[in-house]
Every structure is written in C-alpha cells, then in structure tokens.
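Here the structure comes first, spelled out in structure tokens, and everything after it is commentary.
Residue numbers count from 1 along this sequence. None of these values were measured; they are calculated from a predicted model.
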Amino acid sequence: QGQEAAIIHHLTILSNKFNYVVIGNEHDGLSTIGEIPVAAMQKAGELSGLENPVMKTKELFDGNDNWTKEELLLVLSNKIS
C-alpha cells in the first residue's frame, strides 16, 4: 500500500504538467477530470519506484460529457455526505 500511496501522490503532483485535474486523492485511487496520460503514469512510477504501473479506469458517470467542474464537485460531495 505504500507504493500505491506514493504513485497517487506523484500523479497528483504531475497533474498540472499533464493537463488533468485531480478532484479526489485517496491512498489507493485518484478521481480526475480528464484522462491521465500514459506518460504521467510512467513518470509517477519512476518517481515512486514502482515499475510498470497499471491503472484501472472507473467511470463515475454514464454518457453525460457536459458536466462542469463545479457540477461534478457538487455531485461528488453529495455522494460522500
């Protein structure tokens, strides 16, 4: 779990450089707006010492591509509370 947390931490730091927005950072997962590029995964793997990291994608919503960041954050906060 330490390496999972490390790679998530590095993916969060790299988000600005690779043009995705982190909206949720957990020790074993990451919620983003935008896709995490393979190059970002590879760099995060290098920085965390994890060779060949594999990422599984889970869709939070089905088919509605018109969410604004504010709407998405509101929906997520309602799911959490």
Side-chain angles (χ1 to χ4, degrees):
Q1 283 186 344
Q3 280 191 317
E4 288 176 351
I7 200 165
I8 295 301
H9 173 74
H10 290 295
L11 283 170
T12 301
I13 292 169
L14 293 168
S15 64
N16 286 335
K17 180 177 180 180
F18 287 95
N19 300 317
Y20 57 92
V21 177
V22 175
I23 58 171
N25 178 327
E26 303 296 328
H27 69 279
D28 62 350
L30 197 62
S31 296
T32 66
I33 297 174
E35 291 187 34
I36 299 173
V38 172
M41 281 297 294
Q42 291 170 339
K43 184 64 176 175
E46 281 177 35
L47 293 169
S48 65
L50 183 63
E51 292 183 23
N52 302 317
V54 176
M55 176 176 48
K56 292 183 182 178
T57 302
K58 294 182 183 177
E59 293 296 327
L60 292 176
F61 303 101
D62 55 356
N64 185 349
D65 295 330
N66 299 316
W67 293 91
T68 66
K69 182 179 176 183
E70 292 77 18
E71 289 171 331
L72 185 58
L73 290 173
L74 180 61
V75 170
L76 289 174
S77 67
N78 287 336
K79 284 183 174 273
I80 293 169
S81 57

Please name the residue in the list Val21, Val22, Ile23 that meets the side-chain contact (heavy atoms from CB on, under 4.5 Å) test with Ser31. Ile23
Give, for atom CG of Leu30 and atom OH of Tyr20, the distance between the pair rounded to the nearest 0.5 Å. 6.5 Å
Run the side-chain hydrogen bond (donor to acceptor under 3.5 Å, both in side chains) test against Asn19 and tell me which residues pass, sequence neighbours left out. none
Anything under 3.5 Å between a donor and an acceptor, one on a side chain of residues 38-49, the other on a protein residue two or more places apart or in another chain? List them.
from  : atom 1 : to    : atom 2 : distance (Å)
Ser48 : OG     : Ala44 : O      : 2.9
Ser48 : OG     : Gly45 : O      : 3.3

Quick one: side chains of residues 6-16, donor-acceptor pairs under 3.5 Å with protein atoms, not counting sequence neighbours, listed by atom name and distance.
from  : atom 1 : to    : atom 2 : distance (Å)
Thr12 : OG1    : Ile8  : O      : 2.9
Thr12 : OG1    : Asn25 : ND2    : 2.7
Ser15 : OG     : Thr12 : O      : 2.9

